[in-house]
There are 2 protein chains.
Amino acid sequence: MAEHSTRERILDVALGAYGTDGFAATSLDALAEQLGVRKQTILYYFPSKQALFDAVVDEAARDLVRVFDEEASRGLRGIAQVEAIVRHVFRLAVSRPELLGLVREVTRPGSVTAERLAGHVAPTFDRARDFLQREMDAGRLRSSDPDMLLLSLYSTVVGVATELEVQRALGTPPSLRATVARRQELIRFLRAALAPEPGSA
Amino acid sequence: MAEHSTRERILDVALGAYGTDGFAATSLDALAEQLGVRKQTILYYFPSKQALFDAVVDEAARDLVRVFDEEASRGLRGIAQVEAIVRHVFRLAVSRPELLGLVREVTRPGSVTAERLAGHVAPTFDRARDFLQREMDAGRLRSSDPDMLLLSLYSTVVGVATELEVQRALGTPPSLRATVARRQELIRFLRAALAPEPGSA
DNA sequence: CGGGTTCTCTACCATTTGGTAGAGCCTGCT
DNA sequence: AGCAGGCTCTACCAAATGGTAGAGAACCCG
């Protein structure tokens with residue numbers, strides 16, 4: 001965020017551009033102009049456009065995983081833990097919307113980089129799945145297929161967060177108040193879906 | 001789906017390509033090769049690449065809206081109606097995955113075509129919102145902000161469907177049986193989230 | 001058959017793209 | 001001062017891209 005080295009500035013600007021416009025639609029020249037630098041400077045730090053993209057994905061994945069792992073290491077249980085992470089993702093969507101934009105760009109059927117991201121986040125996903133399974137067994141979450149539950153949670157949260165971003169891009173930027181209200185609604189929605197049935201342990 | 005006119009074949013192939021690879025990454029030459037036709041033939045039917053994309057969006061939006069409206073016109077109530085539509089979207093994800101891919105491509109922050117799609121689906125969204133509000137008032141759905149609920153439903157279903165597509169693109173294509181199982185899990189998930197609280201009308 | 005329309009072709013163009021080669025600058029070190 | 005290395009520049013290039021111009025084939029209708 002500060003006046004870091006050129007290399008870091010490149011990664012930063014590229015993350016934003018790839019996140020909003022996509023990889024193919026972002027030329028090195030466009031990035032260079034945004035940076036106030038010649039494109040050859042970019043190619044000095046990164047041997048090719050693809051290498052730059054990979055580096056951006058690596059960095060973003062590291063950030064994402066860190067956010068999740070930090071929040072997961074607090075040892076909360078059941079819905080409280082899920083809620084905490086959802087709040088975190090929303091905070092991320094407000095403070096660093098480019099991150100979710102990049103996730104959107106990478107996890108696309110045609111993307112060749114999906115595996116790269118998957119490699120980074122797989123351990124975190126595994127841990128999340130284990131957590132869900134454990135909490136279901138303990139009766140603190142409605143029991144269901146943990147894989148599917150994880151997928152639903154992921155899709156819902158990222159989807160809603162991204163949708164807010166789309167609305168911002170379109171004519172109707174949601175106010176901060178509206179965003180907060182929506183987050184609370186979403187949490188209520190998830191809470192209802194996750195609450196264990198009355199008759200369980 | 002059949003051996004239709006060249007124009008229809010172009011629209012068909014373009015839909016698939018734009019849906020998986022995105023607009024920017026799909027060149028007219030690539031489309032032409034896939035069609036067994038010269039690119040100038042494409043430009044004969046559509047004055048520019050952008051015009052072709054617009055036409056593809058228009059057609060896809062019409063298809064999407066039709067599917068929703070057909071299903072909504074059966075007059076089901078409460079969760080049953082929501083379920084029916086979710087099933088429909090899943091069927092769509094299996095039979096015409098390109099459609100959801102295109103939605104994904106268009107509803108991206110950087111997309112200039114988002115408004116175009118929005119124009120098509122807005123009436124359907126309005127009707128859906130009205131439906132949700134009505135069913136909440138009647139106590140057949142858990143009461144919450146209908147806008148948020150709609151957003152959550154949309155994000156969850158499209159997100160999960162797209163995710164299945166991504167997994168198919170990656171190493172682990174889910175079997176049809178697994179897909180069906182997941183759909184049932186998803187419906188259970190939504191059902192729990194939507195069920196009216198015990199103490200309501 | 002003849003004339004016009006519909007369609008697809010060959011040929012070409014200007015621009016943009018990712019990428020290379022190599023010269024110069026600036027900074028810090030001896 | 002001088003030199004070395006890190007960094008950014010000017011100058012190019014080959015390929016691909018979206019798009020244009022116009023010829024010719026195939027078809028329909030009289």
Side-chain angles (χ1 to χ4, degrees), chain A residues 1-60 102 105-106 108 110-114 116, chain B residues 2-60 101-102 105-106 108 110-114 116:
Chain A
M1 320 248 177
E3 213 73 35
H4 292 115
S5 73
T6 302
R7 190 192 149 90
E8 287 176 47
R9 284 184 54 230
I10 294 175
L11 281 173
D12 224 46
V13 170
L15 170 59
Y18 290 148
T20 55
D21 299 331
F23 175 72
T26 303
S27 71
L28 291 180
D29 285 306
L31 284 180
E33 190 182 5
Q34 213 173 326
L35 282 160
V37 140
R38 298 291 163 259
K39 123 178 96 166
Q40 288 71 9
T41 300
I42 299 177
L43 287 169
Y44 170 77
Y45 288 99
F46 305 92
S48 71
K49 188 190 179 187
Q50 183 63 49
L52 168 59
F53 186 64
D54 290 347
V56 166
V57 170
D58 287 346
E59 204 205 17
L102 190 73
E105 166 72 10
V106 169
R108 198 179 52 189
S111 169
V112 288
T113 324
R116 193 177 192 90
Chain B
E3 213 72 34
H4 292 117
S5 73
T6 303
R7 190 195 148 90
E8 286 175 48
R9 284 184 54 231
I10 293 175
L11 281 173
D12 223 46
V13 170
L15 171 59
Y18 289 149
T20 55
D21 298 331
F23 175 72
T26 303
S27 72
L28 291 180
D29 285 307
L31 284 179
E33 191 181 5
Q34 212 173 328
L35 282 161
V37 141
R38 301 287 164 259
K39 122 179 99 166
Q40 288 71 10
T41 301
I42 300 177
L43 287 169
Y44 169 77
Y45 288 99
F46 305 92
S48 70
K49 188 189 180 188
Q50 183 64 49
L52 168 59
F53 186 65
D54 290 347
V56 166
V57 170
D58 287 346
E59 204 205 17
L102 190 73
E105 166 73 9
V106 169
R108 198 179 52 189
S111 168
V112 288
T113 325
R116 194 176 193 90

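For the numbers below, each heavy atom of this structure counts, side chains included, while hydrogens, waters and symmetry mates do not.
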Next item on the list: Treat primed atoms plus P, OP1 and OP2 as sugar-phosphate and everything else as base, then score nucleotides 4-11 of chain C 5' to 3': B for base contact with protein heavy atoms under 4.0 Å, S for sugar-phosphate contact only, - for none.
Entry: --SBBBBB
Check: If every non-hydrogen atom of I10(A) is compared with every non-hydrogen atom of T41(A), which pair is closest and at what distance?
Finding: CD1-O, 4.5 Å
Next item on the list: Please report, rounded to the nearest Å, how far the P atom of dG18(D) is from the NZ atom of K49(B).
Entry: 4 Å
Item checked: Test ring-ring contact (aromatic ring centres under 6.0 Å, His included) applied to F53(B) - qualifying residues, sequence neighbours left out -> Y18(B), F23(B)
Notebook entry, point to check: Which pairs, with at least one residue in residues 30-45 of chain A and sequence neighbours excluded, count as a salt bridge (charged side-chain N to carboxylate O under 4.0 Å, His left out)?
Noted result: D29(A)-K39(A)
Check: dT17(D) P sits how many Å from L52(B) CG, rounded?
Finding: 15 Å
Check: Considering all heavy atoms of both residues, which atom of V56(A) and which atom of A14(A) are nearest to each other, and what is their separation?
Finding: CG2-CB, 3.8 Å
Check: How is L43(A) classified with respect to the nucleic acid when contacts are heavy atoms under 4.0 Å: base, sugar-phosphate, or nothing?
Finding: base
Check: Atom CZ of F46(A) to atom C1' of dG18(C): distance rounded to whole Å?
Finding: 16 Å
Checklist line | Separation of atom CD in E33(A) from atom P in dC9(D), rounded to whole Å | finding: 13 Å
Item checked: Phosphate-side-chain proximity, S48(B) and dG18(D), N/O vs OP1/OP2 below 4.0 Å -> no
Next item on the list: Measure the distance from CZ on R7(A) to P on dG6(D) and round it to the nearest whole Å.
Entry: 14 Å
Checklist line | salt bridge (charged side-chain N to carboxylate O under 4.0 Å, His left out) contacts in which one or both residues fall within residues 18-28 of chain A, not counting sequence neighbours | finding: none
Next item on the list: Please report the closest heavy-atom contact between A55(A) and F46(A), naming both atoms and the distance.
Entry: CB-CE2, 3.8 Å
Next item on the list: Identify the two heavy atoms, one from L102(B) and one from A60(B), that lie closest to each other, and give their separation to 0.1 Å.
Entry: CD2-CB, 3.5 Å
For nucleotides 23-28 of chain D, tabulate all protein N/O to nucleotide N/O atom pairs closer than 3.5 Å, reporting atom names and distance.
none

Checklist line | Pairs where residues 43-59 of chain A contributes a residue and the test salt bridge (charged side-chain N to carboxylate O under 4.0 Å, His left out) is met, not counting sequence neighbours | finding: D54(A)-R116(A), D58(A)-R116(A)
Next item on the list: Mind calculating the distance between CG (L28(A)) and P (dT17(C)) to the nearest angstrom?
Entry: 9 Å
Item checked: Exercise: identify the closest heavy-atom pair between R108(B) and T20(A) -> NE-O, 3.6 Å
